[in-house]
Trainee: 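Pasting a structure below so you can have a look.
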Amino acid sequence: MKQNDRIKLEAGWKAALQDEFEQPYMTELGDFLRREKAAGKLIHPPGPLIFNALNSTPLDRVKVVILGQDPYHGPGQAHGLSFSVQPGVAPPPSLQNIFKELKRDLNLEIPRHGYLQHWADQGVLMLNTSLTVEQGMAGSHAKAGWHVFTDRIMEVVNARRPHLVFMLWGAHAQSKARLLDPTRHLLLKSAHPSPLSAHRGFLGNGHFSRANQFLRQQGLEPIDWALPVEV
C-alpha cells in the first residue's frame, strides 16, 4: 500500500499533494514520528488530527491563510488548527492576544473559549509550519521535515487560488513569503501574537479588517470573524 493511500485527506488536497507522500522526506518523517511514539513520547495533536487544517478547509474554498509556528504543546490543547484549542480548554496567551486585536480592530466580543473551527469552516486555512510537536517541547519537530511539506502547501494555494489573504505572524510564518506572489495575493505581516512579541506590532495591526476589505474588493464574501460566545 502506498503511503498516500493510508492518509485520510480531503479530496482536493489529496489530489494536489499526493506526490508529496511518496517523497523520501515524508517516509523519514513518518518513521521519525513512529520512533518518538515508541520511545514513549507524547506527540500533539493526535494522529487523526494532524491534517485537520486541510480537512477542515478544502483547497477550493481557501480564502485566508493564517500561518502559525507549531501546534500547542500542552496536554489536550492542539487539534490541528493553528492557534485554536479544543472546546473546554482555556485560550492560551497567544490566542488571548488575537482576541484582544479582534476586539480592538472589529469591536468583537471576546468568546469564553478558543475553538476557531468557525473560521476554518468559512475558508480560513489555519496552518502551522510544523504539524506535530512533542509535549512540553515547543519547536521540537521544526527540523523533522514538516517545513518541506508546508512549503508545498503554500506553493499550491499560491498557484491555484486567486486573491488570497496571507496573515504571516512572526519570523517562522514570514519565512514562507518567498513562496507567495504579492501581485496576486494580500500579504499581511506583523509580529507574532505571543506575549513575548505582541506589543511589537501584532496588537494594532488591523489584519482582520484589512483582510475583509481586500476580500470585498475582489467581490468575495468577507470572513465572519465573530466566534460563538459558547461552544
Trainee: Does any donor atom in the side chain of Ser130 or His147 lie under 3.5 Å from an acceptor atom in the other side chain?
Mentor: no

Trainee: Would you check, one step at a time, whether the test salt bridge (Lys or Arg N to Asp or Glu O under 4.0 Å) holds for Arg178 with Asp151?
Mentor: CA-CA 10 Å; Arg178 73 191 191 283; Asp151 274 2; 2.7 Å; yes

Trainee: Does the side chain of Thr150 pick up a donor-acceptor pair with the side chain of Lys176 at under 3.5 Å?
Mentor: yes

Trainee: Do the side chains of Leu188 and Asn205 get nearer than 4.5 Å, heavy atoms only?
Mentor: no

Trainee: Would you kindly say whether Thr132 and Trp146 are connected by a side-chain donor-acceptor distance under 3.5 Å?
Mentor: yes

Trainee: Please check: side-chain N/O of Ser209 versus main-chain N/O of Gly206, any donor-acceptor pairing under 3.5 Å?
Mentor: yes

Trainee: Would you kindly confirm whether Leu127 and Leu49 end up in one hydrophobic cluster when ILVMFWY residues are joined by side chain heavy atoms under 4.5 Å apart?
Mentor: no

Trainee: Considering only NZ, NE, NH1 and NH2 on the basic side and carboxylate oxygens on the acidic side, decide whether Lys100 and Asp105 come within less than 4.0 Å.
Mentor: no

Trainee: With a 3.5 Å cut-off and no angle check, do the side chains of Glu101 and Asn97 form a donor-acceptor pair?
Mentor: no

Trainee: Spell out, as yes or no, whether a donor-acceptor pair under 3.5 Å connects the side chain of Trp13 to the backbone of Thr57.
Mentor: yes

Trainee: Give me the ring orientation class for His192 and Phe83: parallel if the planes are under 30° apart, tilted from 30 to 60°, perpendicular past 60°.
Mentor: tilted

Trainee: Asn158 side chain to Asp181 main-chain N or O, any donor-acceptor pair under 3.5 Å?
Mentor: yes

Trainee: List in chain and number order the residues that pass ring-ring contact (aromatic ring centres under 6.0 Å, His included) with Phe32, two or more places apart in sequence or in another chain; answer none if no residue qualifies.
Mentor: His141

Trainee: Has Arg216 got a side-chain atom pairing as donor or acceptor with Glu221's backbone, closer than 3.5 angstrom?
Mentor: no

Trainee: Say whether, by atom type as modelled, one donor and one acceptor occur between the side chain of Gln218 and the main chain of Leu220 under 3.5 angstrom.
Mentor: no

Trainee: What pairs of residues pass the side-chain hydrogen bond (donor to acceptor under 3.5 Å, both in side chains) test when at least one of them lies in residues 39-53, not counting sequence neighbours?
Mentor: Glu36-Lys41, His44-Gln135, Asn52-Ser56

Trainee: Measure the shortest side-chain to side-chain distance between Asp224 and Gln122 over non-hydrogen atoms and say whether it is less than 4.5 angstrom.
Mentor: yes

Trainee: Aromatic contact between Phe214 and His185, with the criterion being ring centroids under 6.0 Å apart: yes or no?
Mentor: no

Trainee: Under 3.5 Å, is there a donor on one side chain and an acceptor on the other for His207 and Trp169?
Mentor: yes

Trainee: If we check side-chain contact (heavy atoms from CB on, under 4.5 Å) with Leu67, which of these qualifies: Met154, His172, Met126?
Mentor: Met154

Trainee: Under the 3.5 angstrom rule, does the side chain of Gln96 hit a backbone N or O of Pro195 as a donor-acceptor pair?
Mentor: no

